Amino acid sequence: MKKNIKVLVCLLVLCLLGTAPAFSQQITKFGVVDTAKVYNAYFRNSTPVRNYEKKKSEFQDEINKRTDELRQLQQKKLELEKNGNDTQALKIEAEITKKKDYLIEYTSAKNVELDSLQKSLKNSDEFYKKLYNTLSKIAESGGYSMILSLQDSNSILWYSSSVDITQQVINELGL
């Protein structure tokens, strides 16, 4: 009986030693990055973004100024109509129409300009080179087999926050 137990224990140990290599194989390690968050952190304090924000603000100020002028003209027109001065009210109406048309054209042109500036910011090769080099460094040092972008893949349905390396990428970029 003792002999059977010893043989059984030996077989069990051999089985465990035989299966150990199968359990010691490395598990594939994935990481995810919120590239939009990294992009925003990267460009938040850059000169091109500050210029974009300045232009955007200037354009909005001009639009607000023109809108206020239109409101004042509309008030003036209402007062003239109330006082029975239809001739002056018609002149003001023509001026309002002219200023509305200008404001629509101005807004449209400035939106196109802002869109163009924003696209040029998003297509910055310098940013993507730095991002790729940083991701490569983090992946190699962290043992990641693959790093996925949360924005570029609709197939990521769920991920654990433990694989999100976004903040690590932002820190590595010095942002």
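Note that the structure is predicted; figures quoted are calculated from it, not measured. These numbers come from the heavy atoms of this one structure, side chains and all, not from hydrogens, waters or symmetry mates.
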S.K.: By side-chain hydrogen bond (donor to acceptor under 3.5 Å, both in side chains), which residues pair with N64, not counting sequence neighbours?
M.R.: Q60

S.K.: Determine whether the side chains of Q167 and N171 contain a donor N or O and an acceptor N or O closer than 3.5 Å.
M.R.: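 A pair is found: one side chain offers a donor N or O, the other an acceptor, under 3.5 Å apart.
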
S.K.: For E81, enumerate each residue passing the side-chain hydrogen bond (donor to acceptor under 3.5 Å, both in side chains) test, keeping only those at least two apart in sequence or located in another chain.
M.R.: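 Not a single residue meets the side-chain hydrogen bond (donor to acceptor under 3.5 Å, both in side chains) criterion with E81.
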
S.K.: Considering residues at least two apart in sequence or located in another chain, which fulfil the side chain to side chain contact (heavy atoms under 4.5 Å, CB included) criterion with Y102?
M.R.: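 For Y102, the residues satisfying side chain to side chain contact (heavy atoms under 4.5 Å, CB included) (neighbours in sequence not counted) are R66, Y106.
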
S.K.: Tell me which pairs pass side-chain hydrogen bond (donor to acceptor under 3.5 Å, both in side chains) where either residue lies in residues 68-77, with sequence neighbours left out.
M.R.: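 Qualifying pairs: D68-R71, E69-K99, K77-E93.
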
S.K.: Sequence neighbours excluded, which residues qualify as side chain to side chain contact (heavy atoms under 4.5 Å, CB included) partners of A139?
M.R.: Y144, I147

S.K.: Which pairs count as salt bridge (charged side-chain N to carboxylate O under 4.0 Å, His left out) when at least one residue sits in residues 33-42, sequence neighbours excluded?
M.R.: none

S.K.: Under the rule for side chain to side chain contact (heavy atoms under 4.5 Å, CB included), what residues qualify as partners of E53, not counting sequence neighbours?
M.R.: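 Only V49, K56 meet the side chain to side chain contact (heavy atoms under 4.5 Å, CB included) criterion with E53.
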
S.K.: Can you sort out the partners of K100 under side-chain hydrogen bond (donor to acceptor under 3.5 Å, both in side chains), two or more places apart, ordered by chain and number?
M.R.: none

S.K.: What residues, two or more places apart in sequence or in another chain, satisfy side chain to side chain contact (heavy atoms under 4.5 Å, CB included) together with N133?
M.R.: none

S.K.: Quick one: salt bridge (charged side-chain N to carboxylate O under 4.0 Å, His left out) pairs with a partner in residues 130-150, sequence neighbours left out?
M.R.: E126-K130, K137-E172

S.K.: Just jot down the side-chain hydrogen bond (donor to acceptor under 3.5 Å, both in side chains) partners of N51, sequence neighbours excluded, or say none.
M.R.: none

